[in-house]
Amino acid sequence: MHLSRYFLPILRETPKDAEIVSHRLMLRAGMVRQESAGIYAWLPFGHRALAKITAVVRQEQDRSGALELLMPTIQSAELWRESGRYDAYGKEMLRISDRHEREMLFGPTNEEMITEIFRASVRSYKHLPLNLYHIQWKFRDEVRPRFGTMRSREFLMKDAYSFDLDQEGARHSYNKMFVAYLRTFERLGLKSIPMRAESGPIGGDMSHEFIILASTGESEVYCHRDYLDFPVPGPGTNFDDANALENIVSKWTSLYAATSEKHDRDAFAAVPKDKQVTARGIEVGHIFYFGTKYSEPMKAVVAGPDGTERPVHMGSYGIGPSRLVAAVIEASHDEAGIIWPEAVAPFDASILNLRPGDSACDVACEEIERALVAKGKEPLVDDTEERPGAKFATADLIGLPWQVIVGPKGLGQGQVEMKRRATGERSSVSMEDALRMLVGA
RNA sequence: CGGGGCAUGGCGCAGUCUGGUAGCGCGGUAGUUUUGGGUACUACAGGUCGCAGGUUCGAAUCCUGCUGCCCCGACCA
C-alpha cells in the first residue's frame, strides 16, 4: 500500500476529549472516529488492526473445536421474556420497536438466542459437546461510555456458548476455552493472567476474568510473580484430552491472582514478599459456567443415555476485540506512538521514501515493496511529499514493527536503514539484508 | 443516575464579563525555499459562532428553553 493513496487522517495535535493514551493514539493515528458517545467508526488503519485481532481469536476458537456462526444484532423481546431477562436487564439494553410496534432490542449478549437455536435442533446427548461462537457487534447503553473503544456502547465481541450433558462435561468445555484464551492473548503479544471472578448463582470455581497487565490499566490487580513466567500451552495442545487440560487449568489457577474487587489481603500476604506483584490491568476476556440458568426456563433439554430428558449445562465465553485494540496499545506504546506487536500490526513495515521523485529512492522502495509482497508481507510505503522529519514522526506514531528508511545518502553506499520500532535499534544494511530481516529468512 | 464543565473553520483555542464588520496556531491548497527527526516565507480557500425562541437599531457576546459532548463518582466486556 502506498500512503499517498491510503486514508490515514493523522492528527498532529491531541484531541482534548481523549483522556487515556490508547484513545489519544487511536485518534491521532487515524484509526477511529467517534460518531456519537461510545460509538465509533473504524477507519482503514484501525479496521486492519481489528481484523488482525479477530483473525487470531477465530483461529484459536476453531482450534479448540468451537464452531463459528453468526447471529443477528437485532433480537426480539419475546426471547428475553422467556428467560426473564427482558425486565431484569434494565436500561443498559437498547430497546427499539419496528413499524408494527413489535418490541425489539439491539443485543447486548446472546444467551437467549443461542439457547433457542440449540433447542430447535439438538435433542440427544450424542450431539454433545457443542460449542458455538460468533463475532458480532453488541450494544450496551452504558450510562457513561469512556476511554474510547475500551469502554464503548457499541463494541465487537466474540461470544462462545458451550452445551454439555452434565457438569463434568461442562468443565471440560470450560477448560477448552480457558486454554484457548491463554493462547489467544499470548499470540496477540499480551501477558494475560486468569483471575477468579464472581461465579454467579451456580457457585463453584468456574468463572475467570482474563486480565492483561498494562501500566495504564483501568484497575489494580494483585498476583503471584510466577504467573508471569508460566508457559502458555502450545499449538499442538490436544483439546480432547480432558485430563491434560485440567492439569493446565489447575496450574494456571494454583497461585494467588485477584482484581481489586476480589482482593483478599490475608491471602495475598501469604504469598512470599518477593513474589508479590501489584500492577494495573485490563480485563480482556471473561469465561463462566452457568449451568442450566437458561436451558431450564427456555426448555433446552436433551435425552441422556438413559433416555430421560434433562436441561443442558451451558457456559459462555467472551472476548472483546474492539476493546483489545485499545488494550494492546495501552500495553505497548511510548512517547512517540504505538508499538504494534507483530500479530496485530495493521501492516508489517513502513518503507520511508525520504525523497520521492529521486529515481534511485523510488526504484529501491519499489523493489523492497515488491519483494515483501511476494513473500506475503504487507508493507506501507510512505511516498508522500512530506519532509523526512514528518515521515519519521508519522512512522513512529503508527508504530509498525519495522521501518525501512530509504534515502539518497544511504543508497549512495548501497544501503538502507532498518529501524526496529519496539527498541529504537537502527542499523544500515544492504537491501538484501534488509529483506532477510523483514521476512525472517 | 448524582456532581462539574464545554459547544466559535478538519484539530487545538482566543473573543463572551463590558453587545458594534469573527480572530490566532496547527492542518489544507498554490508557489518559493528546504532536504535524514514535524523547515521558513508569501498568498489563497475554509465558519448558519450547537439548535430554537426572546431582548435590542444591532447578539458569538445578554435572557429562556432544548440538544450534543466531555470529566469525577456509582456501574460494567
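Naming convention: chains lettered A, B, ... in sequence-line order (proteins, then strands); numbering from 1 in each chain. Keep in mind that the numbers below use all heavy atoms, side chains included, and drop hydrogens, waters and symmetry copies. This is a predicted model, so every value here is computed, not measured.
- Counting non-hydrogen atoms under 4.0 angstrom, G318(A) reaches nothing in the nucleic acid.
- E111(A) is listed as a side-chain neighbour of R85(A), based on a closest heavy-atom distance under 4.5 Å.
- Among the protein residues, S219(A) comes within range of no part of the nucleic acid, since none of its heavy atoms lies under 4.0 Å from any strand.
- Going from atom CD of E386(A) over to atom C1' of rU29(B) covers 14 Å, rounded to whole Å.
- Atom CZ of R387(A) is separated from atom P of rG27(B) by 13 Å (rounded to the nearest Å).
- Using a 4.0 Å heavy-atom distance criterion, K138(A) is classed as making no nucleic acid contact.
- For the C1' atoms, the distance from rU67(B) to rA52(B) is 10 Å, rounded to whole Å.
- A gap of 25 Å separates the P atoms of rG20(B) and rG10(B), to the nearest Å.
- The distance between atom CD of E385(A) and atom C1' of rU32(B), rounded to the nearest whole Å, is 15 Å.
- Across all strands, G410(A) comes closer than 4.0 Å to base atoms (heavy-atom distances).
- When side chains are defined from C-beta on, M314(A) counts as touching I114(A), because their heavy atoms get closer than 4.5 Å.
- Out of rC69(B), rC11(B), rU35(B), the shortest distance to the side chain of A37(A) is found at rC69(B).
- Looking at residues two or more places apart in sequence or on another chain, you find a salt bridge (charged side-chain N to carboxylate O under 4.0 Å, His left out) between R183(A) and E60(A).
- Comparing rG38(B), rC11(B), rG37(B) by their closest approach to the side chain of A390(A) singles out rG38(B).
- Base pairing annotation: rA7(B) forms a Watson-Crick or G-U wobble pair with rU67(B), both donor-acceptor distances under 3.5 Å.
- Rounded to whole Å, atom P of rC69(B) lies 15 Å from atom CD of E142(A).
- At most 12 heavy atoms of other shown residues, nucleotides or ligands fall within 6.0 angstrom of atom NE2 in H47(A).
- Separation of the P atoms belonging to rG27(B) and rA22(B) is 26 Å when rounded to the nearest angstrom.
- Checked by distance alone, R28(A) brings no side-chain donor or acceptor within 3.5 Å of a matching partner on the base of rG27(B).
- Taking atom C1' in both rC62(B) and rC49(B), the straight-line distance is 16 Å, to the nearest Å.
- For D396(A), whose side chain is taken as the heavy atoms from C-beta onward, the closest listed nucleotide among rG37(B), rU34(B), rC1(B) is rG37(B).
- When heavy atoms are screened at a 4.0 angstrom cut-off, L352(A) is found touching no nucleic acid atom at all.
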Please list, one pair per line, the donor and acceptor atoms closer than 3.5 Å that link side chains of residues 9-27 of chain A to other protein atoms, with sequence neighbours excluded.
unit_1, atom_1, unit_2, atom_2, d
S22(A), OG, E330(A), OE2, 2.7
H23(A), NE2, Y40(A), OH, 3.4
R24(A), NH1, E19(A), O, 3.2

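- Within the nucleic acid shown, Q34(A) comes within 4.0 Å of sugar-phosphate atoms alone, with no base atom in reach, counting heavy atoms only.
- Atom C1' of nucleotide rG27(B) and atom CG of L27(A) are separated by 16 Å, given to the nearest angstrom.
- Applying side chain to side chain contact (heavy atoms under 4.5 Å, CB included) to L352(A) and the options V404(A), D382(A), T384(A) leaves one that passes, D382(A).
- Taking 4.0 angstrom as the limit, K16(A) places none of its side-chain polar atoms (N or O) nearer than this to OP1 or OP2 of rC70(B).
- Using a 4.0 Å heavy-atom distance criterion, D159(A) is classed as making no nucleic acid contact.
- Using C1' as the reference atom, rA60(B) and rG50(B) are 12 Å apart when rounded to the nearest Å.
- Cation-pi contact between R421(A) and W402(A): absent, since separation from the ring centre below 6.0 Å together with deviation from the ring axis within 45° is not met.
- For the pair I39(A) CD1 and rC69(B) P, the computed distance is 8 Å after rounding to whole Å.
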For nucleotides 22-26 of chain B, list the nitrogen or oxygen atoms of the protein found under 3.5 Å from its nitrogen or oxygen atoms, one pair per line.
unit_1, atom_1, unit_2, atom_2, d
rG25(B), N2, E13(A), OE2, 3.0
rC26(B), O3', R12(A), NH1, 2.9

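- Mapping A18(A) and P15(A) onto RNA chain B by nearest heavy atom places P15(A) at the nucleotide closer to the 5' end.
- Across all strands shown, rC62(B) pairs with rG54(B); the Watson-Crick or G-U wobble distances both stay below 3.5 Å.
- Contact between the side-chain N/O atoms of R144(A) and the OP1/OP2 oxygens of rC71(B) is found at a separation under 4.0 Å.
- The side-chain heavy atoms of V406(A) and I351(A), taken from C-beta on, include a pair separated by under 4.5 Å.
- Between H23(A) and R426(A), the residue anchored nearer the 5' end of RNA chain B, judged by the nucleotide with its closest heavy atom, is R426(A).
- When the side-chain nitrogen and oxygen atoms of S36(A) are compared with OP1 and OP2 of rC69(B), one or more of them lie within a distance under 4.0 Å.
- Summarising the geometry, the separation between CG on D382(A) and C1' on rG38(B) is reported as 12 Å, rounded to the nearest angstrom.
- Across the protein-nucleic acid pair, E19(A) atom CD and rG73(B) atom P stand 11 Å apart, rounded to whole Å.
- The closest side-chain heavy-atom distance from M31(A) to I329(A) is below 4.5 Å.
- With both ends at atom P, the span from rA45(B) to rG2(B) equals 49 Å, rounded to whole Å.
- Residue-level contact check: K409(A) touches the bases, meaning some heavy atom is under 4.0 Å from a base atom.
- At a threshold of 4.0 angstrom between heavy atoms, the contacts of L11(A) with the nucleic acid are absent.
- Of the P atoms belonging to rG47(B) and rC11(B), the separation is 14 Å, rounded to the nearest Å.
- Within 4.0 Å of R153(A), counting heavy atoms only, lies no atom of the nucleic acid at all.
- The C1' atoms of rG4(B) and rU64(B) are separated by 22 Å, rounded to the nearest whole Å.
- Between F268(A) and Y256(A), the ring planes are tilted. Angles from 30° to 60° get that label.
- When Watson-Crick and G-U wobble pairs are counted only if both distances are under 3.5 Å, rC44(B) pairs with rG28(B).
- Judged by atom type and distance alone, R146(A) does not reach the base of rC72(B) through any side-chain donor-acceptor pair under 3.5 Å.
- If you check every strand for non-hydrogen atoms under 4.0 Å, K158(A) touches nothing.
- Of all nucleotides present, only rG73(B) satisfies the Watson-Crick or G-U wobble test against rC1(B), with each distance under 3.5 Å.
- In this pair, Y174(A) and H208(A) present their aromatic rings tilted. The plane angle is within the 30 to 60° band.
- Within the nucleic acid shown, A393(A) comes within 4.0 Å of at least one base atom, counting heavy atoms only.
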